[in-house]
There are 2 protein chains.
Amino acid sequence: MAGGGDELKLLGMWASPFVLRVKLALSFKGLSYEYVEEDLRNKSGLLLSSNPVHKKVPVLIHNGKPVCEPQVIVQYLDEVYSATGPSFLPVDPYERAMARFWASFIDEKFMASWLKAGRGKTEEERAEGLKLTFAAVETLEGAFKECSKGKPFFGGDSVGYLDIALGTLVAWMHTAEVRHGLRLFDASRSPLLEKWVERFGKLDEVVAVLPDIDRFVEHAKMREAEVAAAAGNN
Amino acid sequence: MAGGGDELKLLGMWASPFVLRVKLALSFKGLSYEYVEEDLRNKSGLLLSSNPVHKKVPVLIHNGKPVCEPQVIVQYLDEVYSATGPSFLPVDPYERAMARFWASFIDEKFMASWLKAGRGKTEEERAEGLKLTFAAVETLEGAFKECSKGKPFFGGDSVGYLDIALGTLVAWMHTAEVRHGLRLFDASRSPLLEKWVERFGKLDEVVAVLPDIDRFVEHAKMREAEVAAAAGNN
């Protein structure tokens, strides 16, 4: 485990939900690491040489060897540090398959729809994005029921792969509420997820790595202005 | 293992590369299963109830429990039947991470670019797709070198996760050559992959599940005509 001769370095960007996913995984595993903030408009030589294919954060460098792509990194950490902290993926192959299935859904349907809702080029595209987002929330409510089996987390009694995959959006959800009065998980549409997100957001391991909400709201405001300017709306 | 009381059923469509991925995995593991061909214009109740989220093939039903999404299914088979046939994913966590990284690249970059090359709406879009496809091939040539370490397959001495992920395209590559004289893996651009694809295509486990090439070429011709008609090009 880290500290026992292992060197972990994370190349990230503070406001990226994909980087936060790795920070959450490291936090739950109780691993210490060096964090390097990247300027994405002027990427470092280390980032470009560590992830020549995508040139994106997050990159985790473990004893000099880079691992890229958030879900790949989380599974890597889970396998290398299997004896440390909670196991993110369940032991049972069928439950593992379900966790992987829903993690893909979170990225490919839920997050993609939400991005469209926020950054769609036309009013129509954004409205369609929001509709798909709410449909995805309802599907995820069912997924939570199925995976948690009445326990507090997707992973059961402790956080797992899906808690990290979805929980990475806590700050974004909060920002959507502050900025647009948009409550993604609410009592009528998704009562289980509403409770889950509160529970998850209060965990010490989460609080330790969540970005500062005020700074995050300011950042979101700036990004929205950029998107609006690019779309010629202001 | 299947036969020892296990019941495996695969819902598929003969020309789908994603279904072929699962057929290859089953073939390499030496598992017997019931195959159900789906009519995608009139999906069965079993498909809709087994994959209510995406309503897509492939779906593997194992003792009545459905597993969806090709890469999820291949990992599931690898974990459930770990004692049968080759292990698709390596044992070493770093090598596992690399395999997962490149599998995502194959789906998100290589296959996506190739689809764009074939089905882009404009001439310009298709040309851009082809350019990206060739760039992806060069990247994959490097991946093969890295993963195979001088051995015959991505998985080393036996086929692994990436051989299945990329090998699923053997019939498509052949069709592109027959239909358009397009040789995706050739000696100048990707000498290692050129040899790999020949080697892979001759394996008994592959020959046993590959679609009939003539039928496939006819199918591709029909699909291309449909795409052209939709684009108003004929």
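So you know, we letter chains A, B, ... as the sequences are listed, proteins then strands, and number each from 1.
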### Message
Within a 6.0 Å radius of atom NZ on A/Lys116, are there more than 12 heavy atoms belonging to other residues, nucleotides or ligands?
### Response
yes
Taking C-beta and beyond as the side chain, do [X] and [Y] meet within less than 4.5 Å on heavy atoms?
X       : Y        : result
A/Cys68 : B/Phe105 : no
B/Tyr94 : A/Val80  : no
A/Pro93 : B/Tyr81  : no
B/His54 : A/Phe101 : yes

### Query
Is it the side chain or the backbone of A/Glu95 that comes within 4.5 Å of chain B heavy atoms, both, or neither?
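For A/Glu95, no heavy atom lies under 4.5 Å from chain B.
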## Note on the structure
Max heavy-atom pairs within cutoff under 4.5 Å with chain B, candidates A/Lys109, A/Arg96, A/Gln71, A/Glu69, goes to A/Arg96
### Query
Where do A/Arg100 and B/Glu79 land on the salt bridge (Lys or Arg N to Asp or Glu O under 4.0 Å) test, with the steps shown first?
CA-CA 13 Å; A/Arg100 292 195 179 110; B/Glu79 294 178 354; 3.3 Å; yes
### Message
Does this structure show an ion pair linking A/Lys65 with B/Glu146, if we count only N-O contacts that are shorter than 4.0 Å?
### Response
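B/Glu146 and A/Lys65: not salt-bridged.
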### Query
What are the two closest non-hydrogen atoms of B/Val67 and A/Ala97, and how far apart are they?
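Shortest heavy-atom separation between B/Val67 and A/Ala97 comes out as CG1-CB, 3.9 Å.
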